[in-house]
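Below: the structure, in structure tokens.
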Amino acid sequence: MLRAILRAGLAAGAIVAASAAFADDDVVNIGLILPMTGQAASTGKQEQAGAQLYLQQHGASVAGKKIALIIKDDGGAADVTKRLAQELIGNDKAKALMGFGLTPLALAVAPVATEAKVPEIVTAAATAMITEKSPYIVRTSFTLPQAAAPMAEWSLKNGIHKVVTFVTDYGPGNDAEKWFSDTFTKGGGTVVEQIRAPLKNPDFAPFLQRVKDDAPDAVFVFVPSGQGSAFMKQFAERGLDKSGIKLIGTGDVTDDDLLADIGDPALGAVTTHHYSVAHPSPENKAFVEAFKKANGGLRPNFMAVAAYDGMALVYGALEKTKGATDGDALIEAMKGASWISPRGPVSIDPQTRDIIQNIYVRKVEKVDGELYNVEFSTIEAVKDPFKAAKN
Ligand code: PHB
């Protein structure tokens, strides 16, 4: 246990050189590839902390094998992600790869996973089609259609008739825009304008001016984890928080670990998502307490939970295979797996290898002086609707 934890700790930043010491058959190396630097570094930090907490709590051995987490930083660059995946499989004999902070990074590894027959556990990226790119991909994060369609259903029932959508212009943003807009229009709502901002170093101000000019009932927002506070600050600077235009979206924009930084402009935002740090279950209370304790008071967000659950998935699969690490056997063992996550009950859809989970409707409120996404309604066991629509 100590060795694995030390190894994981060391590996953040510098890459551990001692792989030879772990080459024996009793050790299962898991490669965790994350953006620890660059624009998506908050995702890397949360995911690393989530995976390490699981290891600490459950011990670094399962089904007679020792578990070693090898953490590598791809800086958010897809060519680096791919090279690291190849090295982890080729040099470190990794039996599973995990992480992938952004959709293009997860996609870059799909052909590597297929060729090597090694499970690729996507614990962050959330564009719906990712799991279709390799039969070795399993996902513990979420999909944007899964989170966005319920937001449209809620809006239709709650006096919102005219909406402007505002998304980051790449896979997950385009999914969010489509699944919110299609569901909302089918139910009789009107989408006045669809605005897209670039992924890299966005200046939200000119786009927000357009939202203000359109004067909709609400603006539906998707920006990737980490960009929510820049977005919300400019939202407030433009006076949109006081304009009567409601802020709705998937929970990525009101990210739990950014809410304190965003401050009062976030109050009242209604979002749909699969995890809130305020989720009132005993499992989540224990998770949040342990996570904060291990990370200097840092709040876990949905990225941390997905990495924690990625580890739970691997441990569960190794138990089922009695320690066998053959990729096909591991994937079979993962299909249909179910467990209680800090987010609530979850399972892996055996058909699509995507996660089935509750989606919660939440509102940002102040509780004991701190801002939280307070859940007030639950849609149970939601499957990714993108794949459900095709089957
Ligand atoms: C993605 O790139 O797929 C992604 C990243 C951050 C999110 C959601 C999706 O919050």
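Indexing begins at 1, ligand by ligand and atom by atom, following the structure's order.
For G226, the closest heavy-atom approach to ligand 1 does not fall below 4.0 Å.
Near Y170, the atoms of ligand 1 lying under 4.0 angstrom from a non-hydrogen atom of the residue are 1 (C), 2 (O), 4 (C), 5 (C). Ligand 1 places these atoms under 4.0 Å from at least one heavy atom of M303: 6 (C), 7 (C), 10 (O). Each of the following atoms of ligand 1 lies closer than 4.0 Å to a heavy atom of S225: 6 (C), 7 (C), 10 (O). Close contacts between ligand 1 and P224 involve ligand atoms 5 (C), 6 (C), 7 (C), 10 (O) [criterion: under 4.0 Å to a heavy atom].
Looking only at heavy atoms of the protein, atom 10 (O) of ligand 1 is closest to D252 OD2, 2.5 Å.
Between F287 and Y308, the gap from one ring centroid to the other is short of 6.0 Å.
With a 4.0 Å heavy-atom cut-off, ligand 1 is reached by the side chain of F222 but not by its N, CA, C or O. Under 4.0 Å from ligand 1, heavy atoms of T103 appear from its side chain as well as its backbone. Both the backbone and the side chain of A125 come within contact range of ligand 1, each with a heavy atom under 4.0 Å.
In terms of heavy-atom proximity, A106 sits nearest to E120 at O-OE2, 2.8 Å. Nearest heavy atoms, A152 versus T183: CB-CB, 3.6 Å.
Using a 4.0 Å cut-off between a side-chain N of Lys or Arg and a carboxylate O of Asp or Glu, R139 and D384 do not qualify as a salt bridge.
Among T352, T143, T131, the single residue meeting the side-chain hydrogen bond (donor to acceptor under 3.5 Å, both in side chains) criterion with K387 is T131.
Inclusion of A126 in the set of residues having an N or O under 3.5 Å from an N or O of ligand 1 is warranted.
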